[in-house]
Amino acid sequence: MTLNIDNPALLCSQSLINGEWRHAADGRRLAVTNPASGELIAEVPDCTPQDAQAAVDAAQKAFAVFRHGVAKERAALLKRWHGLVMANQEDLARLMSLEQGKPLAESRTEVAYGASYIEWFAEEAKRADGDIIPQQSQNHRLLVIRQPVGVVAAITPWNFPMAMLARKIAPAIAAGCAVVCKPAEDTPLTALAMAKLLQQAGAPAGLINVLTTSRERAGPLADVWLADARVRKISFTGSTAVGKHLARESAGTLKRLSLELGGNAPFIVFDDADIDAAVAGLMVAKFRNAGQTCICPNRVYVQQAVYERFIGKLAEKVGSLTIGPAAGGRAEIGPLINARAVEKVEQHLKDALEQGARLVVGGQRHACPDAPNGHFFTPTVVADVTAAMRMSCEETFGPVVPVTSFATEAEVVEMANATPFGLAAYFYSRDIDRIWEVAEAIEAGMVAVNDGALSTEIAPFGGIKDSGYGREGSRYGLDEYMNIKYIRHGSLARRLPG
Ligand code: ADP
């Protein structure tokens with residue numbers, strides 16, 4: 001797939017610092033390749049700690065002015081950005097599919113989904129109300145106002161290159177913050193294009209800085225931000241290991257953190273469920289982005305009475321998924337992000353089969369005639385998976401559905417909660433009492449009942465336990481970027497009689 005876009009300005013090969021498009025301080029470049037073919041798409045700067053420092057300087061300078069603006073102006077900026085993103089939806093989708101590999105239809109959906117956060121926070125900017133607390137005596141008044149936290153560092157992953165960025169930058173700007181951002185090394189082009197559009201929308205120099213860097217330099221670059229007391233907040237989506245590292249290393253300057261980390265989502269099908277609906281829900285939840293989402297089901301528990309029937313219906317659907325590069329336009333399953341991702345899927349599968357799991361469908365790499373160097377894996381169903389197998393404990397992050405049977409509600413709730421993670425959970429049942437019991441008992445930040453889709457800008461996205469803390473989207477999302485200030489006005493003279 002060659003890049004065929006109407007707006008060539010969206011293909012940026014420099015980083016954005018202080019409103020200027022720049023090379024890395026030492027001029028080093030990072031290759032961006034197409035995961036479906038291995039072909040080189042572009043080169044971007046491999047930024048250094050020196051660049052990271054320059055970005056914070058710029059952001060702090062921009063923040064000093066921007067913080068005094070009014071909410072209506074911030075809302076207008078975000079609305080203009082939203083308009084430009086949607087006007088360039090097709091180009092952004094093409095760029096994203098090229099560097100990330102997901103089918104074009106999914107990229108288009110992601111652009112609209114990410115843009116919905118920009119629109120939402122444009123609206124929320126105007127609702128960052130304060131409070132007036134009833135005073136305890138007539139000679140003072142108590143007020144609460146909300147103020148921007150300061151410079152925000154946003155670090156994003158490769159699986160949703162546009163949406164993860166939008167849902168961090170939009171609330172930060174809505175709150176009045178400036179941002180330094182580091183997209184994932186696999187997918188920097190979408191982030192740079194988004195920054196270009198924000199610049200076009202009228203963002204002042206330094207309000208948004210986007211630094212691309214290799215995996216090797218990600219740590220040293222982020223260390224500058226971790227150590228700098230002017231960076232008041234880190235918003236991160238990625239692995240639990242890196243999230244814990246950021247939490248540890250930011251302790252020195254006590255930064256605020258939003259951490260959206262790994263998941264190990266259970267998907268439970270009770271014997272009273274609508275089985276066809278459950279299969280359809282699982283297909284939606286599991287196979288988006290070829291199974292490379294932090295909320296996709298990683299453990300499927302099916303009650304004994306419907307176990308084989310469910311597996312039969314599921315295998316039929318999974319076996320008919322079309323695999324291929326985004327360029328073809330018809331693929332439902334694209335390549336995995338890189339060779340490492342395919343190896344992980346293979347290892348998980350090998351481990352499960354060696355320990356007695358049953359391969360129902362799929363199970364091998366997929367050789368794609370149109371893209372012989374692509375990292376494709378056949379959509380797979382494995383049955384009789386046990387808790388001891390790696391695919392039950394770790395995120396497989398690929399198109400593999402592991403299925404396990406269970407006997408009772410109490411047993412399955414215990415199995416579902418037997419993980420350090422707590423991001424998303426799904427279950428299907430038509431028993432109203434069970435629905436409330438299980439929804440409340442599951443240890444997760446988000447629970448979908450009789451639905452395979454969870455994510456929307458109007459609801460709080462986030463986890464508990466090792467899946468992190470903080471919420472993105474919804475009316476709760478703006479608070480992550482604001483400090484509460486209590487103002488007490490004392491020594492008031494009381495003039496009215498009585
Ligand atoms: P994944 O395994 O899905 O790539 P990671 O947590 O490793 O998840 O990566 C998510 C983001 O974190 C990426 O932008 C990556 O470059 C970045 N990252 C990786 N290591 C560090 C680090 N030591 N400090 C800061 N960011 C990092």
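As a basis for the values below, the full set of heavy atoms in this structure was taken, side chains included, without hydrogen atoms, waters or symmetry mates. As the structure is a prediction and not an experimental result, all values here were calculated from the model. Whatever order the structure lists ligands and atoms in, that order sets their numbers, starting from 1.
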| query | Quick one: does NZ or CZ of Lys196 land under 6.0 Å from the six-membered ring centre of Trp21, within 45 degrees of the ring axis? | reply | yes

| task | Side-chain contact test, heavy atoms from C-beta onward, threshold under 4.5 Å: evaluate it for Pro188 versus Val32 and give yes or no. | result | yes

| message | Do Val382 and Leu353 have side chains that approach each other closer than 4.5 Å (heavy atoms only, starting at C-beta)? | response | yes

| Out of curiosity, is Phe397 lining ligand 1, as in a heavy atom under 4.0 Å away? | no

| query | What is the nearest protein non-hydrogen atom to atom 12 (O) of ligand 1, stated with its residue, atom name and distance? | reply | Phe236 CE1, 3.3 Å

| said: For atom 1 (P) of ligand 1, what's the nearest protein heavy-atom neighbour? Residue, atom name and distance, please. | reply: Trp158 NE1, 4.0 Å

| message | Using modelled atom types and a 3.5 Å cut-off, is there a donor and acceptor pairing between side-chain atoms of Arg22 and backbone atoms of Asp51? | response | no

| query | Atom CD1 of Ile169 and atom SG of Cys177: how far apart are they, to the nearest 0.5 Å? | reply | 12.0 Å

| note | Of all protein heavy atoms, the one nearest atom 8 (O) of ligand 1 is Ser239 N, 3.6 Å

| Short side-chain to backbone donor-acceptor contact, Asn209 and Cys181, under 3.5 Å | no

| field | Asn18 (side chain) donor-acceptor with Ala58 (main chain) under 3.5 angstrom | value | no

| Thr237, any N or O under 3.5 Å of ligand 1 N or O | no

| If you count the atoms of ligand 1 from 1 in the order shown, which ones are under 4.0 Å from a heavy atom of Ala218? | 16 (O)

| field | Lys182 NZ/CZ over Phe236 ring centroid, <6.0 Å and within 45° of normal | value | no

| said: Among all protein heavy atoms in this structure, tell me which lies nearest to atom 9 (O) of ligand 1, with the distance rounded to 0.1 Å. | reply: Arg215 NH1, 3.6 Å

| Between Thr156 and ligand 1, which residue portion shows a heavy-atom distance shorter than 4.0 Å: side chain, backbone, both, or neither? | backbone

| task | Find all atoms of ligand 1 within a distance of less than 4.0 Å from any non-hydrogen atom belonging to Gly219, and give their numbers and elements. | result | 22 (C), 23 (N), 24 (N)

| request: Considering the heavy atoms of Glu185, write down every atom of ligand 1 situated less than 4.0 Å from one of them. | output: 15 (C), 16 (O)

| query | Does Ala222 approach ligand 1 within less than 4.0 angstrom via side chain, backbone, both or neither, non-hydrogen atoms only? | reply | side chain

| query | Would a 4.5 Å heavy-atom cut-off, applied to side chains only, mark Leu246 and Lys255 as touching? | reply | no

| Atoms in ligand 1 with a heavy atom of His245 nearer than 4.0 Å | 23 (N)

| Considering only the protein, which heavy-atom contact is closest to atom 27 (C) of ligand 1, and what is its distance? | Val242 CG1, 3.7 Å

